[in-house]
Amino acid sequence: KPFDFKEKRIKDEDSKKSTPLNDKEKFELEFIRHVEITLARNMYNCDNLGAYQAASNTIRDALLIDWANTQQKQTIHDDKRVYYLSLEFLMGRAMDNALINLKSREHTKGALHELGFNLEDVLDQEPDAALGNGGLGRLAACFVDSLSSKNYSGWGYGLNYQYGIFQQKIIDGYQVEQPDYWLEYTNPWEINRSEIQIPVDFFGYVYESYDTNTGKPKKIWTGGERVLAVPADYPIPGFNTENTNNLRLWNAKPTNEFDFNKFNSGDYQQSVAAQQKAESITSVLYPNDNFMHGKELRLKQQYFWVAASLHDIVRRFKKNHKDNWKKFPNQVAIQLNDTHPTLAIVELQRILVDLEELPWDDAWSIVTKVFAYTNHTVMTEALEKWPVELVSRLLPRHLEIIYDINFFFLKAVESKFPSDRDLLRRVSIIEEDNGKAIRMAYLAIIGSHKVNGVAELHSELIKTTIFKDFVKIFGEDKFTNVTNGITPRRWLKQANPKLAELISETLNDPTYSYLTNLGKLKELEQFVDDDKFLTKWDNIKLSNKVKLADLVKDLTGITIDPTVLFDIQVKRIHEYKRQQLNIFAVIHRYLHIKELLANGVSVEEIKLKYYISKCSIFGGKAAPGYYMAKTIIHLINQVADVVNNDEEIGNLLKVVFIPDYNVSKAEIIIPASDLSNHISTAGTEASGTSNMKFALNGGLIIGTVDGANVEITREIGQENIFLFGNLAESVDELRHKNVYNGVNISKSLKKVFDAILSGKFGNPDEFHTLIESIRDHGDYYLVSDDFDLFLDTHIKLEKVYGHHGGDAKDIDHLHGWVKKSVLSVANMGFFSSDRCIDEYAENIWEVEPLNS
Ligand code: CGF
């Protein structure tokens with residue numbers, strides 16, 4: 001029987017009661033020990049960075065006790081575990097989050113103060129762990145937080161990229177990418193498990209042999225290139241619980257093997273270089289969101305990651321259950337975050353058939369009980385397809401297995417629908433049209449027991465469009481919906497501490513229990529007519545806006561007035577998200593204001609009769625190879641340059657592009673919004689999650705009837721959101737009309753195009769393609785169809801906002817806008833990622849929390 005560490009520790013009564021997380025003396029001693037021993041520095045040369053490292057190590061040490069206890073408990077209970085496979089985990093910073101979840105923030109702030117440091121400055125030293133592109137990666141980060149907070153046994157598996165998403169610089173209005181080497185200093189939050197080394201093979205060849213015992217034929221994959229997978233573990237603390245799960249991110253390392261042939265022939269350099277190449281597998285995150293980039297290295301990343309993760313999962317299973325494979329689906333649930341980890345299906349089949357020697361059908365029945373697949377998009381350019389030729393070289397045995405899976409699947413389809421030949425072509429895993437390719441989404445559906453979309457509208461759309469045939473084959477029940485969510489620990493408590501505090505006071509909830517029971521926010525509704533409460537609410541918004549104005553000043557040099565309406569759009573730059581629609585509307589507003597001024601209308605009159613003062617704030621990265629997205633960024637910056645330098649305009653209008661939008665900046669930007677834009681072409685944004693973050697922070701939304709906007713509207717009430725635009729069901733028809741009858745450019749949009757083409761915002765040649773894509777090439781994203789509706793909605797919403805700042809109008813603002821803001825927050829409980837995790841647990845994974 002192994003020695004029980006926990007029992008031993010618990011006997012040490014003192015350590016049980018006081019830890020550095022609640023005892024200042026202990027914190028300080030540990031902090032000093034880390035400065036002197038871990039960092040080999042002293043208190044005289046300990047700057048904020050040193051303080052961050054020493055404090056993080058102190059917190060991490062304490063966290064590791066919970067982490068070890070959790071692993072011990074989970075091992076003893078040996079219940080079914082969930083494994084969330086995601087190629088992206090956009091974690092952001094860890095220290096503040098750990099302090100909040102461990103309820104040690106105030107205490108640590110005090111201890112650091114006594115040591116001569118300011119907590120905020122110390123927190124600011126931490127680089128963002130930006131191992132993701134956008135919504136998909138941030139969703140994974142919210143999910144691991146909820147898995148821990150809700151006491152599930154759930155691990156995340158991903159890659160430990162040395163370079164996260166690139167850093168965005170704006171130079172002369174253009175996006176310039178710079179590498180994000182985020183591990184410049186040692187990372188206190190990762191625990192390197194160099195004792196675990198899992199070999200992963202690529203290339204080589206397959207041959208048939210015979211099992212010496214049974215005489216049966218078997219396939220052997222051999223030769224090729226070998227790298228080692230070595231994990232870095234990140235403890236994930238839950239809120240208000242000791243449960244601390246693990247996020248395991250793999251590093252690729254060279255093996256110790258050495259090519260002696262090359263060496264003997266005198267090519268020492270070459271023999272070492274091949275080994276060095278191994279590390280390149282995990283060196284960089286591909287910077288595309290909603291777009292597939294078919295590079296060999298990307299496929300290598302995918303296989304490396306799923307092979308290592310499955311090896312780990314299988315090893316853990318075998319420790320307790322040996323080769324009792326029938327139990328595997330009772331012990332293991334694997335969620336595929338998008339199709340990126342789909343090769344895991346093939347790899348598990350390979351392990352079971354080739355290595356464990358199970359009959360094909362037995363193996364396949366296990367595999368299909370274990371996996372479930374989440375789809376995040378209907379856009380064809382994002383759906384992964386890998387050329388057969390590439391897979392045959394890189395993973396020859398896997399290709400054979402894929403062909404076999406396809407063969408058995410098509411056979412079953414044929415017997416169910418004997419007369420439908422075209423159906424077989426349509427649903428085949430292998431696309432035959434333009435060079436053979438493997439349709440990963442189809443493989444994921446066939447190998448999973450459940451497929452889910454990420455918002456109601458999206459889940460319906462996948463059933464009626466891209467996966468229609470599969471609904472016919474497998475039946476409706478296989479397809480389900482889990483609407484996305486966000487963790488209120490980071491996106492309310494951490495990002496907006498003042499609002500979180502006001503809510504905790506108002507709900508008489510000093511322990512912030514509402515953060516794990518977000519439905520409680522509903523009780524805020526009782527206070528919507530209380531002017532004092534509304535004023536406090538509004539003042540918090542103002543102080544968040546002041547903080548954002550400071551950040552804007554710092555990053556761009558632009559001064560913005562925190563009392564004007566902050567109208568924000570921050571997210572990846574993509575034509576379907578339609579930042580172009582937004583900036584065109586800003587141009588329209590500017591041109592109209594200029595016209596009014598030219599006609600002798602005074603600024604004061606404009607404010608009263610036409611436009612309230614506002615600041616349009618943009619932020620987001622464009623994929624480095626996405627020309628149109630980069631053009632949009634450039635246009636925003638050009639407009640900002642003209643508008644902000646136009647003295648006549650004053651604070652009536654300002655335009656800002658915040659460079660290098662990331663999680664830490666989002667934590668400042670989101671709580672400061674009055675209004676945020678979620679204005680994708682209907683049917684294109686699967687869910688969106690920033691819409692949830694903004695609404696939870698009391699910002700109102702202007703949005704299309706798309707993604708989770710639909711459910712947000714249902715929850716908060718349509719009178720508290722500003723919806724506009726054509727609906728998803730009209731999109732096909734409008735596109736058709738635009739292509740065949742020509743695009744109808746309204747008078748207002750024409751003015752905007754004319755101004756851009758006249759050179760008002762810099763060299764017009766730079767914007768031709770953008771304008772032509774709308775005016776002359778069918779306007780795929782329906783900017784022209786929604787433009788005037790967008791302008792009208794602005795007029796409406798600005799009336800509700802009122803002329804904030806003038807005394808007489810303040811009451812209207814309070815009773816109109818601020819009341820809507822409170823009502824939104826009060827009804828956002830549904831969008832906690834805790835609710836998502838419960839839904840996945842109950843309907844897909846069939847697991848329960850481990851509560852005792
Ligand atoms: O996943 C997205 C996001 N861009 O990462 N998709 N992908 N791939 C969708 O476009 C969002 O609508 C969605 O909210 C997010 C997470 O599901």
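Ligands are counted one by one from 1 in listed order, and the atoms in each one are counted from 1 as well. Computation of the quantities below employed the complete heavy-atom set of this structure, encompassing side-chain atoms and omitting hydrogens, waters and symmetry-equivalent molecules.
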Evaluate [X] for polar contact with ligand 1, using N/O atom pairs at a separation under 3.5 Å.
X: Glu685; result: yes
X: Gly688; result: yes
X: Leu136; result: yes
X: Ser687; result: yes

Would you say the ring centers of [X] and [Y] fall short of 6.0 Å from each other?
X: Tyr576; Y: Tyr781; value: no
X: Tyr626; Y: His574; value: yes
X: Phe470; Y: Tyr442; value: yes
X: Phe790; Y: Phe724; value: yes

Selection residues 693-715 - residue pairs positive for ring-ring contact (aromatic ring centres under 6.0 Å, His included), sequence neighbours left out: His678-Phe694

Top protein contact for [atom], by heavy-atom distance:
atom: atom 4 (N) of ligand 1; result: Asp289 OD2, 2.8 Å
atom: atom 8 (N) of ligand 1; result: Asn290 OD1, 3.5 Å
atom: atom 17 (O) of ligand 1; result: His376 ND1, 2.6 Å

Which of the ligand 1 atoms, numbered from 1, are nearer than 4.0 Å to a heavy atom of Ala686: 12 (O)

Element-labelled atoms of ligand 1 that are located less than 4.0 Å from some non-hydrogen atom of Asp338: 8 (N)

Proximity of [X] to ligand 1 by residue part, where a heavy atom lies under 4.0 Å:
X: Asn133; answer: neither
X: Phe291; answer: neither
X: Asn484; answer: side chain

Any donor-acceptor N/O pair, Asp338 side chain to Leu136 backbone, under 3.5 Å: no

Ligand 1 contacted by Val454 (non-hydrogen, < 4.0 Å): yes

Salt-bridge present (Lys665, Asp128; N to O < 4.0 Å): no

Closest non-hydrogen atom pair, Asp834 against Thr516: OD2-CA, 3.7 Å

ring-ring contact (aromatic ring centres under 6.0 Å, His included), paired with Tyr157, selected from Tyr234, Tyr83, Trp305: Tyr83

